[in-house]
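Notes follow the structure.
In listed order, ligands and their atoms are each counted from 1. The chain is numbered in sequence order, starting from 1.
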Amino acid sequence: MLGKDQPVILQMLEVPGEGMKKLQGVKMELDDSAFPLLAGTTMSSDPHEAFGDADYALLVGARPRGPGMERKDLLTANAKIFQLQGSALNEVARRSCKTLVVGNPANTNALVAAHNAPDMNPENFMAMTKLDQSRAEGMLAEKYGCSVDEIDRMIIWGNHSSTQYPDISHASIKGKWAKSVVDMKWYESEFVPKVQKRGAEIIDARGASSAASAAAAAVDHLNCLHVGSGDKWQSMGVVSHGEYGITPGLYYSVPTLCTGDRTYRKIMGVPIDPYSAKKMNTTEKELLEERDGVKSLLGGSFEKIVKPYNVREKLRASMSEDELKTLVETEAKFTFDETLRVRILENVKSAAPKPELTIVNEVLKEGGQPPYTKEIFDLMKGNPMQRKKATEMYTEVKIKTAVSKLSDEEKLALRGSVKGKKAFEF
Ligand code: LMR
């Protein structure tokens with residue numbers, strides 16, 4: 001989960017009585033598996049003990065949904081569990097602890113836990129939508145005869161529920177823009193509802209909620225966070241600061257990149273067409289309803305960290321030519337900053353003579369004015385694959401310009417190799 005050399009201690013939490021008895025069995029199985037990286041296990045029925053000094057918390061324990069139950073039915077019962085766990089994390093976990101909420105309704109449980117941990121950064125709480133992304137990738141791979149590795153930029157927006165929006169508008173399949181490959185009738189009438197309702201389909205079949213695939217997704221999520229996800233987009237339910245017009249404070253799934261520094265960065269500037277905007281609004285509405293259903297448990301206030309964000313994506317369809325041009329430039333800048341930051345962080349990590357952030361900031365400052373060519377600008381207005389190409393071309397020009405202004409020592413550090421590969425040629 002945390003890389004092939006990182007030992008872990010599992011501090012396991014269960015309910016007293018029957019729960020603890022079953023946990024004994026789990027512990028025995030863990031011991032008997034002789035996992036080389038398992039450095040210890042503890043058991044407790046008290047979250048104040050189980051979360052002590054935790055670096056990562058996986059909140060999987062919640063009343064599971066049974067056949068015929070809607071996720072909303074779980075709202076109040078489970079929110080109380082997450083209120084208690086949020087407050088215990090606040091008291092005893094490490095300040096930097098990253099918390100992944102898996103128990104349903106995951107996004108709203110993350111909201112409740114984060115609100116009840118006022119001394120912790122709300123960005124350190126996440127709801128799992130990696131499972132939905134994996135499901136969507138699996139279905140596309142099966143339909144179009146490729147491996148899941150050949151699918152990228154598959155985004156899950158919103159709630160981990162049947163209103164989520166699995167968006168292929170920016171995805172690629174075997175290097176081709178998904179929308180040029182996928183049968184859109186199949187996409188809208190079969191694919192989207194199937195991904196949305198996959199959890200319920202599994203419950204109907206097994207009589208119990210997903211277990212192995214959910215565990216695999218939780219491992220993948222934390223692995224990305226700890227080790228990095230390269231340039232593969234990852235969907236995560238994270239706190240909204242108003243990006244894409246989403247109500248600040250909600251835990252809403254968006255695409256992210258993980259650079260392996262135990263954090264994520266949201267992908268900004270993804271263009272939203274009217275179909276997507278509608279779907280994104282539907283899932284946001286459900287999250288607002290869920291939030292209202294647990295209002296009495298939301299103690300803290302996020303206002304100090306959640307800044308309103310000036311977003312125009314949803315208005316794109318009604319924009320004039322001039323407004324659109326400004327928007328395209330703004331999007332390019334966000335994408336550029338993010339891509340550049342990720343690449344530079346990856347490349348200076350081991351050998352930077354200056355603190356890496358200083359170099360990043362210098363390069364970003366230098367890269368302030370976009371050196372558009374007509375070709376780049378035209379591609380920027382095209383489909384997602386064309387925009388991806390434009391961003392790559394644009395990034396190369398800016399990196400070269402910016403890096404040429406650095407000292408020889410800094411250039412050397414930027415050229416420093418990652419896994420033996422030369423990062424840039426100047
Ligand atoms: C899943 O997506 O498999 C579960 O979250 C479904 C559920 O409600 O338990």
Side-chain angles (χ1 to χ4, degrees), residues 13-15 19 22 57-82 85 99-114 125-142 148 154-168 190-224 234-238 250-255 279 282-287 289-291 293-294:
L13 175 69
E14 248 302 357
V15 290
K22 287 194 177 151
L58 281 124
L59 304 190
V60 295
R63 188 176 157 202
R65 184 156 65 120
M69 277 174 86
E70 265 310 310
R71 289 168 71 267
K72 276 189 203 132
D73 301 336
L74 298 175
L75 198 59
T76 337
N78 281 339
K80 294 220 168 86
I81 300 176
F82 289 85
Q85 297 194 341
T99 299
L100 175 65
V101 178
V102 177
N104 278 318
N107 300 52
T108 298
N109 289 339
L111 175 80
V112 172
F125 287 80
M126 287 152 272
M128 189 171 84
T129 51
K130 175 78 181 163
L131 177 56
D132 309 288
Q133 181 183 323
S134 301
R135 286 169 172 165
E137 289 169 354
M139 286 177 208
L140 285 176
E142 191 185 345
V148 284
M154 173 72 235
I155 305 174
I156 304 295
W157 297 102
N159 203 358
H160 170 67
S161 76
S162 57
T163 65
Q164 67 178 266
Y165 171 42
D167 179 12
I168 58 157
E190 287 185 46
F191 176 83
V192 171
K194 199 166 173 72
V195 177
Q196 289 173 327
K197 295 187 191 134
R198 184 63 157 190
E201 197 184 346
I202 291 173
I203 291 172
D204 280 347
R206 279 177 22 96
S209 191
S210 58
S213 56
V219 167
D220 283 350
H221 178 119
L222 291 185
N223 181 266
C224 287
Q234 305 294 337
S235 300
M236 292 184 181
V238 289
L250 290 182
Y251 280 75
Y252 189 100
S253 178
V254 295
K279 297 261 182 210
T282 304
T283 189
E284 181 190 10
K285 191 162 165 275
E286 184 185 43
L287 281 169
E289 283 163 14
E290 288 186 10
R291 183 195 65 182
V294 296

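Under the side chain to side chain contact (heavy atoms under 4.5 Å, CB included) rule, M236 has a single partner from M128, K130, H221, which is H221.
Residue-to-ligand polar distances place H160 within reach of ligand 1: an N/O pair is separated by less than 3.5 Å.
The backbone N or O of N104 lies less than 3.5 Å from a partner atom in the side chain of N78, making a donor-acceptor pair. With S235 contributing its side chain and I156 its backbone, the two residues share a donor-acceptor pair below 3.5 Å.
Residues meeting the salt bridge (charged side-chain N to carboxylate O under 4.0 Å, His left out) test with E14, sequence neighbours left out: none. With sequence neighbours left out, R198 forms a salt bridge (charged side-chain N to carboxylate O under 4.0 Å, His left out) with E201.
Between the side chains of S253 and Q164, no donor N or O sits under 3.5 Å from an acceptor N or O.
Looking at R198 against ligand 1, nothing comes within 4.0 Å, counting heavy atoms. Contacts of R63 with ligand 1, taken as heavy-atom pairs under 4.0 Å, are absent altogether. By the criterion of a heavy-atom distance under 4.0 Å, the side chain of I203, and not its backbone, is placed next to ligand 1.
Counting atoms of ligand 1 from 1 in the listed order, those under 4.0 Å from a heavy atom of G199 are 1 (C), 2 (O), 3 (O), 6 (C). Heavy-atom proximity to S209, at under 4.0 Å, picks out these atoms of ligand 1: 4 (C), 6 (C), 7 (C), 9 (O).
Heavy-atom distances between Q164 and ligand 1 stay at or above 4.0 Å for every pair. Note on ligand 1: N104 sits in its first shell, one or more heavy atoms being nearer than 4.0 Å.
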